[in-house]
Amino acid sequence: MDIDEILKNMTIEEKISLIVGAGLSKRVPSAAGETRSIDRLGIPSIVLSDGPAGVRISPIRIGEVGTYYATAFPNEIVLASTWNRDIVEAVGRAIGEEARDYGIDVILAPGLNMHRIPLCGRNFEYFSEDPLLAGELAAAYVRGVQSVGVGATLKHLVANEQEVNRFTINVIVSERTLREIYLRAFEIAIEKSKPWAIMAAYNKLNGKYCTQNEWLLTKVLREEWEYNGLVMTDWGAGDNPIEQIKAGIDLIMPGDEKILQSLLEAYKKGLIDEKIIDERARRVLELILKSPTYKGHRPSNKPDLDVHAKIAYEAAVEGFVLLKNNGVLPISKDAKIALFGKGSYLTIKGGLGSGDTHPRYVVSIANGLKERGIRIDEDLEKIYTSLPQFWMLRFYEWIVNEVVKGGDIKPLCSSIIEHFDSFVRSSGINVDEYLDDMVIEKAAREDDVAIITVSRVSGEGWDRSGGKGDFYLSDSELNLIKKVSDAFHKHGKKVIVLLNIPSPIEIVSWRDYVDAILVIWTPGQEAGRAVADILLGIVSPSGKLPLTWPKDLYETPAMRTYPGVPKYNPQYVVYEEDIYMGYRFYDTFAVEPAYEFGYGLSYTKFEYSNLVITREDNIIKIRLKVKNCGQYPGKEVVQVYIRSPRGKLNKPFQELKGFYKTRSLKSDEEEDVYIEIPIKYLASFNGALWIVERGEYEIRVGSSSRDIRLVGKLSIDNDICFNKRWNIVPCMD
Ligand code: BGC
């Protein structure tokens with residue numbers, strides 16, 4: 001259909017109806033939204049659904065036999081820890097397929113806000129503190145989703161780094177910081193993946209709601225970046241739909257009659273031009289015309305969950321980060337394991353809120369180990385599995401079965417049922433503090449190794465508290481770690497801690513007690529299988545931290561201004577740390593973190609050699625060799641940091657400018673690594689232009705931001721300047 005023709009045939013009421021969503025989806029229960037159809041013109045409604053960890057729809061439908069489970073993929077923080085574009089793209093593709101098979105046209109993912117503070121309740125849905133890593137991986141995710149003809153949505157544009165007062169908080173941030181960090185991630189992702197949609201954030205940006213911010217939505221996004229996809233609001237964002245449409249929003253979500261009427265009235269009073277409405281309606285139409293629904297795709301409701309489970313496993317196993325290992329890992333398959341911690345049995349698959357998922361199952365750590373034939377201490381298992389949560393989960397399964405059999409469960413129950421599983425798994429009831437010393441002693445005598453899982457859950461709508469039992473261990477967790485370590489060490493046995501968490505916790509005060517620490521984050525439904533394979537050495541860990549792990553919460557630079565002013569019920573927050581966020585702060589001001597950005601151990605060792613750096617036109621070409629010189633097969637993440645010369649602008653000590661994950665290398669096997677870095681990536685924003693200042697740049701290639709193996713130089717003789725569209729322009733003094 002020709003869009004101009006359609007637009008010509010539409011009444012103003014119809015055009016406005018297109019740019020205001022129709023509320024929650026009616027076609028696909030629990031999908032987050034739907035657009036309005038115009039039957040007269042053969043324009044169908046399309047369905048939008050969350051979210052980053054997989055399709056979030058109701059797993060059951062009242063009155064229908066059959067289930068609608070979706071794969072729970074690892075959260076984005078896990079995907080980011082893989083540093084592997086291919087695996088992230090594969091996850092995106094699988095999510096796209098599930099979406100298409102369940103009748104979803106647009107996925108509301110990936111999330112692309114920055115890890116500015118460890119406490120943000122949605123960090124699990126975001127990739128990193130670094131815009132290059134985040135932007136590149138978000139692009140891979142989007143390419144994956146869109147490769148099957150389903151749309152992806154980058155969200156939330158921009159500076160949505162906390163949940164406290166997320167609907168109204170005014171984020172004050174310098175333009176340089178915005179452009180180099182927070183916007184940069186979106187800019188890279190847009191350039192490399194052309195997402196069908198972008199979601200503007202709830203918060204205000206320098207005084208104006210993002211959804212009502214013409215500078216952001218029109219000047220930067222449309223004029224400078226030439227983005228031509230659709231821009232929607234976050235659900236219920238902002239306070240003025242007329243301003244939203246004028247500022248550059250194409251689709252107001254979830255939308256209601258009141259908004260529709262207010263736009264119509266505004267049009268009648270001459271407050272909005274028909275041309276603007278036409279432009280917005282055109283974008284919605286363009287999206288609809290690309291959608292599976294418009295193309296006549298009929299949902300099979302039968303995605304290949306088994307194949308997708310394998311992809312979820314692959315992504316999880318590559319996203320675990322080994323922080324410490326004094327030789328205990330990998331463990332022997334004959335070892336008998338004492339499994340402590342509620343999370344060993346009720347493993348947290350992901351975060352809560354719109355980024356939650358409803359999978360067929362979650363493989364707990366205990367079950368993952370058992371599947372691999374590992375013996376676990378049955379007495380401990382009995383203690384933990386007598387927790388009331390297990391009874392509740394069984395009750396849940398019963399209800400689901402009743403529904404699936406067509407039983408008479410009232411519709412009211414449906415949404416309770418939907419969230420029950422995640423709620424139960426994350427509920428606080430624990431037994432650690434009641435564990436008898438005798439139980440621990442007996443386990444230390446009889447078992448070969450102890451594993452303690454520490455778990456945390458976070459979610460949309462609230463930030464983590466930062467207190468004990470959250471950023472810090474609770475007294476009972478600390479006691480458990482101490483007691484188990486003492487008892488096992490007394491018997492010459494070792495202790496491993498698994499961190500089943502959505503973002504960092506304090507680690508320095510207790511890490512010396514234990515022998516190994518593995519971060520498994522919130523790894524999705526295949527959790528236990530991936531854990532078992534890493535513990536047994538079937539796969540060597542290859543995840544690297546996508547963020548700096550602080551020694552203490554209050555060393556995080558942004559904690560100085562978090563959550564804003566006033567402290568209780570903050571109205572605004574100033575990103576005072578400026579560009580010095582994450583490792584840019586720790587490296588520049590020589591602050592020692594607990595673990596640096598890019599850090600992660602392996603069971604094997606890699607040797608770097610033969611660094612060659614050349615420049616061709618405006619591309620820096622980096623070649624080197626990486627060799628596995630250890631005993632286990634493994635993958636390595638090669639990271640390229642660039643240190644700029646001292647110029648007019650202050651700059652961080654170094655910045656990530658390229659990365660590459662090798663294939664799995666066997667002992668003694670070598671891979672030629674080739675990384676391209678566009679020269680524009682060296683530019684800093686000086687308030688008007690992007691500038692690559694002349695001088696000698698240090699190219700630092702390593703295995704983490706503080707484990708640099710090879711260093712080379714690159715000279716730039718004259719300043720190079722770019723305008724905001726990245727065209728080279730004369731530099732002005
Ligand atoms: C969240 C979005 C989500 C939307 C629809 C909002 O509250 O911030 O990330 O996509 O709801 O569920």
Side-chain angles (χ1 to χ4, degrees), residues 20-35 46-58 70 73 75-77 95 99 102 104-114 120-127 134 138 141-142 145 150-169 171 185-186 189 195-205 209-211 230-239 244 249-256 259 287 350-358 415 418-419 422 458-463 502:
V20 179
L24 296 183
S25 173
K26 292 182 191 69
R27 257 194 355 240
V28 182
S30 287
E34 213 168 289
T35 60
I46 58 170
V47 181
L48 298 83
S49 167
D50 289 299
V55 176
R56 188 178 68 103
I57 55 174
S58 180
F73 291 92
N75 280 148
E76 281 177 9
I77 197 164
I95 291 175
Y102 279 139
I104 308 293
D105 297 286
V106 177
I107 277 282
L108 303 168
L112 196 41
N113 298 98
M114 293 284 112
C120 173
R122 297 185 82 173
N123 275 352
F124 67 91
E125 291 187 74
Y126 306 144
F127 291 97
Y141 185 117
V142 171
V145 171
V150 167
T153 312
L154 294 181
K155 69 186 189 183
H156 314 86
L157 185 77
V158 64
N160 184 180
E161 274 79 33
Q162 66 183 53
E163 291 298 282
V164 173
N165 282 3
R166 65 174 176 153
F167 296 116
T168 52
I169 193 93
V171 177
F186 283 90
W196 289 12
I198 287 178
M199 185 190 292
Y202 283 128
N203 51 285
K204 296 178 187 134
L205 176 69
Y209 279 110
C210 288
T211 55
L230 173 135
V231 184
M232 68 181 88
T233 63
D234 198 344
W235 268 226
D239 63 358
Q244 289 178 330
I249 290 289
D250 301 306
L251 177 62
I252 297 180
M253 290 304 290
D256 58 34
I259 294 175
L287 184 73
L352 304 180
S354 61
D356 200 357
T357 40
H358 308 300
S415 103
E418 200 181 309
H419 297 289
S422 298
S458 76
E460 180 180 347
W462 86 94
D463 282 339

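Note that ligands are numbered from 1 as they come in the structure, with each ligand's atoms numbered from 1 the same way. This structure is a prediction, so every number in the text was calculated from the model and none was measured.
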Within a distance under 4.0 Å of any heavy atom of Met199, pick out the atoms of ligand 1 and give their elements. 10 (O)
Structural part of Lys155 in contact with ligand 1, heavy atom criterion under 4.0 angstrom: side chain
Using modelled atom types and a 3.5 Å cut-off, is there a donor and acceptor pairing between side-chain atoms of Trp235 and backbone atoms of Ala32? yes
Atoms of ligand 1 less than 4.0 Å from Ala32 heavy atoms? 5 (C), 12 (O)
Of all protein heavy atoms, the one nearest atom 4 (C) of ligand 1 is Asp234 OD1, 3.6 Å
Donor-acceptor pair, distance only, cut-off 3.5 Å: does the side chain of Asn203 make one with the backbone of Val158? yes
Using 0.5 Å steps for rounding, measure from the CD atom of Gln244 to the OH atom of Tyr209. 10.0 Å
Looking at OG1 of Thr35 and CG of Leu48, how far apart are the two atoms once the value is rounded to the nearest 0.5 Å? 7.0 Å
Ligand 1 versus Arg122: contacting region, heavy-atom distance under 4.0 Å: side chain
Distance under 4.0 Å to a non-hydrogen atom of Tyr202: what atoms of ligand 1 satisfy this? 6 (C), 7 (O), 8 (O)
Atoms of ligand 1, numbered as shown, that sit under 4.0 Å from any heavy atom of Arg166: 7 (O), 8 (O)
Glu460: heavy atom below 4.0 Å from ligand 1, yes or no? yes
Check: Ser354 main-chain N/O paired with Arg56 side-chain donor or acceptor under 3.5 Å: yes
CG on Asn75 to CG on Asn123, rounded to 0.5 Å: 11.0 Å
